[in-house]
Amino acid sequence: MNLVVGCSARNSLRLYVKIPERSAVIFFVDGLNTESIEQLASSGRLPTLKRYFIDDGVRFANAYSCIPSDTYPNAVSLLTGKVPGNHGVVGNVWFDRSLPAHADYTKALSYRDVNYHVQEPTIYELIRPLRSVSMQCATSRGSTVDHHGGVVEGLQWVGGNFSAIDSFSSRGVHDTIEAANKWREWPALQMYYFPAVDKYGHEFGPQSREYERAIEHVDRCIGRVLAKFNQLGITENTLLVLVSDHAQMLTPEAQQFEPMHELISHYGSRLAAGYPLSGTSQKRYKELRDRDIIAVPFRRRLELHVRGKAGWSEPADSATVAHVADEVLRVLRESAATNDSWPAYLEMMVTRADDRAANREIQLRILTSKGVRLIDANQTDADWFGKDRYPPGTLDELRALMQHRRAGDIQMFAAPGFAMLKGEPGGHGGVSPAERHIPLIFSTNALTPRHVDTPVRIVDVMPTIMEWLGCRDRVPTGLDGRSLMPRLRYLNSRGVDENELGPAEK
């Protein structure tokens with residue numbers, strides 16, 4: 001192993017630094033569309049991603065994020081191997097009736113609170129005493145180094161210069177080098193987070209030149225990190241992972257609606273949106289005594305919490321929730337065009353249909369333009385969705401979500417191409433495959449490059465990396481994700497197309 005030796009502790013590794021047999025690096029690009037990568041790479045505009053991932057990686061062509069398809073829920077799913085309904089971070093914004101409290105990670109003073117709300121161990125915690133580094137990612141609980149920005153980075157966030165944040169993240173490789181010299185060992189796991197692609201997708205739309213430029217800039221940032229790794233001679237047996245948390249969907253102004261206006265007009269002061277609470281729990285409950293519904297609106301998703309018969313300290317029963325859901329739908333239908341029996345901007349509404357406590361036993365009530373259907377616990381995606389191509393595990397994710405106390409009793413998801421808030425030409429947060437389709441590519445010298453068509457999810461990344469790092473025995477039981485290493489190893493050892501495998505071999 002040839003290590004560069006120099007005078008700067010931030011630019012070169014000391015000879016005494018121990019390099020682990022295997023390490024992993026996650027490049028987490030927020031809001032990155034798979035189709036955009038392919039188009040830009042084919043035109044020569046993404047040289048780094050093309051070289052290391054598209055040409056030399058194992059690409060999972062049907063990889064999906066979890067419900068809801070927002071950043072914080074999926075960042076936590078990436079690190080825990082659990083779906084949002086099972087790890088507790090059920091949205092970028094949520095309301096918890098048991099406290100009662102309202103959380104909002106989109107604010108400058110609260111974006112790091114997510115680390116206190118995660119209810120499952122992260123990969124950083126599970127691989128200890130192995131070292132880890134997190135660069136610019138708000139969700140970082142347990143990492144040995146947690147670099148989430150200082151004054152300069154904060155000013156860039158406030159000023160809207162998100163590409164500068166991407167640059168700060170990539171330059172964090174020097175912080176990693178400095179830390180490794182101090183520890184006398186190279187970290188087993190690193191995460192580099194890049195937020196600009198998502199931010200420009202929201203502001204200008206995923207088909208804009210600004211969005212494309214942000215992706216090109218990320219390509220250069222990742223190239224900077226990998227160039228440094230090559231210089232240090234530490235790329236051998238390093239698993240590189242390119243992943244996103246969700247895609248960006250175009251939501252033109254003509255298809256932006258605000259159903260909250262109609263609901264506020266109908267319910268008046270009985271409904272509160274994103275209700276901020278303070279003081280003791282007794283005082284907070286007192287503030288809510290005149291509220292029957294708490295709404296949490298977020299771009300392509302709107303959720304409603306319904307007051308229980310004894311107040312906000314207990315959940316509403318399924319019959320009460322169903323009554324409110326039907327009333328809400330009637331209000332929205334009356335506000336739509338006279339020839340619309342179903343609001344065009346709404347894909348589905350989901351509620352609990354019974355009051356059983358176990359996630360896997362819950363019965364769902366799903367309302368769509370085709371009517372109302374009850375979904376039993378033993379029904380699968382194929383039973384309900386038929387030939388519609390929803391990502392795998394959709395019903396199980398909805399069941400888990402509907403049981404968590406932080407998730408709304410009524411979940412409303414926007415139809416593809418529509419938004420339930422105005423002001424941004426790009427959005428996500430719903431259940432459609434288009435906004436949940438994410439890039440997921442693994443690359444290292446130990447793998448044979450190829451495409452894999454098997455559907456996978458973001459929750460599969462965590463157990464895969466843990467097995468790669470030799471920590472398979474530390475993987476918790478009951479994960480929603482599964483390790484993809486058997487498929488990756490198979491490609492390397494035998495090199496046969498996966499579709500040629502028999503059922504027993506798969």
Side-chain angles (χ1 to χ4, degrees), residues 2 4 11-12 23-61 63 133 135-137 161-177 190-201 204-245 247-248 437-452 461 488 491:
N2 295 320
V4 177
N11 290 307
S12 59
S23 62
V25 181
I26 303 173
F27 295 107
F28 178 9
V29 186
D30 200 326
L32 180 60
N33 284 2
T34 302
E35 296 75 12
S36 298
I37 295 179
E38 296 172 350
Q39 294 170 4
L40 295 174
S42 64
S43 61
R45 294 161 64 183
L46 303 178
T48 300
L49 297 186
K50 188 174 191 307
R51 174 187 172 187
Y52 288 94
F53 294 99
I54 295 176
D55 291 345
D56 290 343
V58 177
R59 303 174 62 191
F60 287 87
V133 172
M135 290 293 168
Q136 298 295 341
C137 189
N161 188 3
F162 302 111
S163 291
I165 305 299
D166 288 358
S167 295
F168 285 131
S169 185
S170 64
R171 290 171 187 153
V173 68
H174 299 287
D175 296 290
T176 300
I177 295 170
Q190 299 174 61
M191 162 91 82
Y192 293 86
Y193 172 66
F194 304 99
V197 172
D198 180 64
K199 297 298 181 181
Y200 292 123
F204 300 102
Q207 298 178 1
S208 65
R209 178 57 181 150
E210 290 82 359
Y211 183 76
E212 293 181 350
R213 285 174 178 167
I215 298 174
E216 292 172 337
H217 184 252
V218 164
D219 183 84
R220 293 191 293 272
C221 289
I222 295 176
R224 183 181 297 123
V225 175
L226 294 178
K228 194 62 184 179
F229 288 172
N230 288 330
Q231 181 187 2
L232 297 173
I234 55 173
T235 54
E236 186 177 356
N237 293 327
T238 297
L239 181 66
L240 306 178
V241 184
L242 178 69
V243 67
S244 186
D245 49 350
Q248 274 280 5
H437 186 210
I438 59 173
L440 178 58
I441 310 176
F442 296 86
S443 180
T444 182
N445 57 356
L447 302 178
T448 301
R450 62 161 296 173
H451 288 193
V452 179
V461 176
L488 300 182
L491 300 175

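- I222 has its side chain within reach of L242: a pair of non-hydrogen atoms, C-beta onward, lies under 4.5 Å apart.
- Judged by distance alone, the side chain of S169 and the main-chain N or O of Y193 form a donor-acceptor pair under 3.5 Å.
- Side-chain contact check for L240 versus L226: some heavy-atom pair is nearer than 4.5 Å.
- Between the S36 side chain and the L32 main chain, no donor and acceptor come within less than 3.5 Å of each other.
- Between the side chain of H437 and the backbone N or O of E35 there is no donor-acceptor pair closer than 3.5 Å.
- Proximity of a side-chain donor or acceptor of E236 to a complementary backbone N or O of N445 within less than 3.5 Å is not detected.
- Salt-bridge formation is not detected for the pair R213/E216: no Lys NZ or Arg NE/NH1/NH2 atom is positioned less than 4.0 Å from an Asp or Glu carboxylate oxygen.
- The only option from L49, V225, V218, T48 that meets the side-chain contact (heavy atoms from CB on, under 4.5 Å) definition with F27 turns out to be V225.
- Using a distance-only test at 3.5 Å, with no hydrogens or angles considered, a donor-acceptor pair links the side chain of S443 to the main chain of Y52.
- For S244 (side chain) and G31 (main-chain N/O), a donor-acceptor pair under 3.5 Å exists by modelled atom type.
- T444 contributes a side-chain N or O that, together with a main-chain N or O of T238, makes up a donor-acceptor pair within less than 3.5 Å.
- If you look at Y211 and F204, their ring centroids are not closer than 6.0 Å.
- A distance-only check finds a donor-acceptor pair linking the side chain of S42 to the backbone of E38 [under 3.5 Å].
- Using a distance-only test at 3.5 Å, with no hydrogens or angles considered, no donor-acceptor pair links the side chain of K50 to the main chain of I37.
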